[in-house]
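Residue numbers begin at 1 in each chain, while the letters A, B, ... track the order of the sequences.
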Amino acid sequence: MREVAVIGVGMNKWGELWEKSHRTIWTEAALKAIDEAKVDRVDAMVVGCMSGGLFVGQEHLGALLAEQLGMGPIPGTRVESACASGGLAFRQAYLAVASGMHDIVLATGVEKMTDVDGGAATFALSTAADQEYEGFHGVTFPGLYAMMARVHMQRYGTTREQLAQVAVKNHAHGSLNPNAQFPMKVTAQQVMSSAMVADPMRLLDCSPVTDGAAAAVLVPLEWARKRSSGPFIRVAASAHATDTIALHDREDMAFLGSTAKAAEQAYKQAHIGPSDLSFCEAHDCFTISEVMVIEALGIAERGQGGKLTASGYTALDGKIPVNPSGGLKSKGHPVGATGVAQVFEVVEQLRGACGARQVKNARWALTQNMGGTGASTVIHLFERV
Amino acid sequence: MIGLARHWREIPQRYRYEAARCDKCSAVYFPPRLVCSKCRGREFTKTVLPQTGKVETFTVIRVAPTGFTDEAPYAVAVVKLDDSIRVMAQVVDCEVEKLAIGDRVRLEFRKVQQDGEAGAICYGYKFVPEA
Amino acid sequence: MEVGIVGYGAYVPRHRIKVEEIAQVWGADAPTYKKGLRLEEKSVPSPDQDVITMSVEASRRALRRAGVDPFELGAIYIGSESHPYAVKPSGTVVAEAIGATPNLHCADLEFACKAGSEGMFIALSLVKAGEMKLALGIGADTSQGAPGDALEYSASAGAAAFIMGRERLVAACEHTFSFTTDTPDFWRREYQHYPRHGGRFTGEPAYFKHTLSCARELMKRAGLEPGDFKFAVFHQPNGKFPLTASEELGFTREQVQQGLLSPSIGNTYSGASPLGLTAILDVAKPGDRILMVSYGSGSGSDGFVWRVTERIEEVRSLAPQTWAQIKDRPVYVNYGTYAKFRGKILKAS
Ligand SMILES: [Zn+2]
C-alpha cells in the first residue's frame, strides 16, 4: 500500500441554502478542493450521500456529479452508510490511492436536506435504523439516541447538565468557525430548557438539518512531496467497523461497539494511542453521542464521558479538544457531507490555518464518523509530516 | 408508507411474534434470519416470543416522522421480554410522563400505521402496562 | 349431544369519557342522561384500536380459557357495525393473528347491535350440525354517535369472543330462538360517517317489541320461567332499556345487575349483550341458568338459554375478567381528546 496525503480541501458555509441545489452545493465544495490542490485532473471521484432519493429525489449521483464537475468520463462512485457516508467516501478514495489504482482521487460528501418538510426529513433519517423493527414503530433518531442516553444516565449517573455541556462546548467552538450553520454560543440553561424532541433529548441536544457539502483531494504522499516542500497531511490510518443495525439487538445499548472496534484498528495501524491525539473531530449528532464516542475512542473511561466533558478536558483549551470545528451540533449536519467535513477541519487544523479556533501544536488528529445508532463507524487518523 | 407486500410478509412476526431459535447455540432472532450471527449456524426452529417483559429504556417522541405526527407525543421503549430477547415498540395506555425503566409491560394487538383514511391499515404489536 | 361455550374472552378499552363532559360541550342536561337513561360514562377506543384489534385480544383471551389449539377452529365470525374496512374482512386479520389460518371459514357480519350474537349463533349452529369441532363468534364495535346526538352519550367500544364446541364446555346452550321483522328504527347509509335513528321510535316498536317477544317465545318453547334463571342479560343501548325490559318480563334487579355494563361503559353495540354474558360467566356457578337476548335495529333479537357447567371454575381466572377490566385504571379524556381520538376533528391533509 502507498502512503496517502490530502493536498486540498473545500467546503462552503453550511445552513439552509435555499438558493442552491444539491448539485451546486456539491460542485462548489469540489471545485474549492481541486483549486486548492492545484491539480488539473482527478482520476476518480467518490461521493458520500445518505439519501439523495428521499431528500431530493435524485440517485445516480456518481455520474451526475462527475459530469457537473466537467470531469466525465472518470469513474464516479456514490457510497452510502447513513450518516457515515462521507467518512466512507473518504475511505474509499483513500483505498483507491493507497492501492495504486488511482493517483488523484476526489473524496466528497453532500446532503441537501431542506427541500422536504420536517416530517419527511425525520422519516428520511429514520431509514438509517431498522425500518421493519424500529422505524415501523415510529421511532426517530432523536428517540433512539434518547433511549441510549437514558441507559447511560441510569447506569453511570451521567447528568442532564453534563449532556448539555457538550452543546455548550461545541457551540463555543462553532462560534469561531465561519462555516458553521449555528455559530451562536449557548448556555447549559438554554440547552436544558429548549423544546423537548424525544425525552430526554431536547432541541439543543440535537444536530440540525443542514444543506452542505465538503471535498478533499487525495494523492500518494510521495507524489505530493515531489510537488512542494510541505508540511503534508498524511492519512495515518483508515478503519471501518459495523454493529447491529437495531439498537435493541446491541450487546450494550450504552456503548458504541463499532467505534471501539474501528478505533482499535486505527490506533494499531498508526502505532499510537488515544493519549497521543492532539484533537479529534467526533460524530456529535446528539450530545449523548459525543459522550459515548469519546468513551469508545478511549479518550474517556467507560461511563465517564459526561464527567470528562464537564471538566473541560475536551474543550479547545483542554487536554484533547473534541470538535474544534463546532462539530455536527454547531457547524451543521448535512448527513452525507459530515465525514468529509471532519477531514476538512483536520487538514485546516494540522496546517495551522484555523485562526481563533486553532488547536496549539497539533500533530495527530482523529476523525470519527458514525451511521445510525452506531451501526457503522469510519475512523481516520491524520498526521502532519 | 409501508408497501402492501412488505407489511404482509412480516405478518408472522407482527401478529404472532414468531421468532427463530438457532439449533446450535439457542440464540433467538426476531425476525428470523438465515444465519446465526453468534455461531453462523443455519438451522433454526420456530419459536414464539414471550409476551411480557420489562422496560430497559424508553423515550417519548414529541417530533414524529411522517405517518405518526397525529399520535405525538407517544412512548417508544426497548423491552427485555421475560427470559428472552429485547424488542422495540410503542408503549400505549399509559401516562408517558410516569413511564420508568423497569416497568412491567405486555404486548397487545394494535394498529401501528395506516396509509391515510383510504389506504391499508398495518396492524402489529404495542406494549401496554401489565395489569 | 350438548353444544355450547368452550372459552370466552372480553376486551374493554381503557379510555373513558363522562356523560357530563359531553353534555357541557353541547349545552345538554347531564342528569337527563344520567338519571333518565342511567348512563354515567362510556369507553372510548384510542386511535390505534378498532374492531379488529379488540377482537384479536378478546379472542386470545377466549383461547386461553378454552385451552384449544387455534388451528382447530373451523370458523370465525365477527359481528360489528364498525368494521374498519367497508370492503376487506376483519375476520381474516383475527384468524391470522390468533394462528387459525388457513383451514377455516370466515365471515364478517352486520346487523346493527345484533351482529355479535349472530356470530355466536352461527358458530354454535355449525358445531351443532357437526360441520366443525370448534367455531369462534365475536361481537365487537367502536360505534359512533354524531356530535351532539343523543347516541353520542352511549356509543362506545368493546369486544367479546366465544369459542363454541362440543367438549369441555363452560356453558351449554339449552335453547335458542330468534325474532325478526323489518323495522327501520336506526341505520347508517353507505359512505355516511354517523348513523341516523328514529328517536322515540327506537323504543316501543323496536327495542321492546323484539327483545320482549324473543325472550317470551324462547322461555315458552324452553318451558322456563324467569325464576328458573340465575342471571339474565339483554341488549343494553343505555342503562334504562334493559332494566325496563327485564322488569316487564318479571326478572329481578339481582338477576340482571351482573351483566348490566352500559352505565359504566356505554353501549358497545355488537359487543353489548355478549360482553354482559362474559361478566356473568365470570361469577356464575355450575348449574346456573342464564338468559341472553340481544337486539339489533332493523330489527331482530337472538335469544339463548345457557347452563353453566363445572368447568367454569377452572377457566374464569385464566384471562382478565370483565368487571375487573372495566374498573382497571380507567383513563378519563376530555371532549377535545375524545373528538381527536374518534376522528371528529377535520385536520388539514
Ligand atoms: Zn447460533
Worksheet item: Is there a side-chain contact between B/Phe68 and B/Gln113 (heavy atoms, below 4.5 Å)?
Response: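 Yes. Closest side-chain heavy atoms under 4.5 Å.
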
Exercise. Are side-chain heavy atoms of A/His171 and A/Lys329 found at a separation under 4.5 Å?
Worked result: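 Of all side-chain heavy-atom pairs linking A/Lys329 with A/His171, at least one is under 4.5 Å.
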
Considering non-hydrogen atoms only, spot the tightest contact between [X] and [Y] and give its length.
X	Y	value
A/Trp14	A/Pro334	CZ3-CD, 3.2 Å
A/His22	A/Cys49	NE2-SG, 3.8 Å
A/Ala188	A/Glu161	CB-OE2, 3.6 Å
B/Lys126	B/Val112	CE-CA, 4.2 Å

**Prompt:** Is it true that B/Arg6 and A/Glu132 make a salt bridge, defined as a side-chain N closer than 4.0 Å to a carboxylate O?
**Reply:**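 Result for this pair is yes, salt bridge flagged.
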
- request: Determine, for A/Lys331 against A/Asp284, whether the closest basic-nitrogen to carboxylate-oxygen distance falls under 4.0 angstrom.
  value: no

Which members of [range], sorted by number, sit under 4.5 angstrom from chain A on a heavy-atom basis?
range	value
residues 34-41 of chain B	none
residues 81-97 of chain B	B/Arg86, B/Val87, B/Met88, B/Ala89, B/Gln90
residues 18-31 of chain B	B/Phe30, B/Pro31
residues 43-66 of chain B	B/Glu56, B/Thr57, B/Phe58, B/Thr59, B/Val60, B/Ile61, B/Arg62, B/Val63, B/Ala64, B/Pro65, B/Thr66

Atom group of [X] that falls short of 4.5 Å from chain B, counting heavy atoms:
X	answer
A/Leu125	neither
A/Gln154	side chain
A/Ser126	neither

In terms of heavy-atom pairs under 4.5 Å with chain B, the winner among A/Gly138, A/Ala146, A/Gly143 is A/Gly138

List the steps, then state whether side-chain hydrogen bond (donor to acceptor under 3.5 Å, both in side chains) holds for A/Arg202 with A/Ser193.
-> CA-CA 8 Å; A/Arg202 292 176 179 271; A/Ser193 59; over 6 Å; no

- Is it true that B/His7 and A/Phe136 have ring centroids separated by less than 6.0 Å?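 Ring-ring flag for B/His7/A/Phe136: true, centres closer than 6.0 Å.
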
key: Pair B/Tyr123 + B/Phe109: ring centers closer than 6.0 Å   = yes

Whether B/Arg14 engages the ring of A/Tyr133 as a cation-pi pair (distance to the six-membered ring centre under 6.0 angstrom, angle to the ring normal within 45°) should be assessed.
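Output yes; distance and angle both within limits.
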
Bottom line for B/Ala77: the part with an atom under 4.5 Å from chain A's heavy atoms is backbone

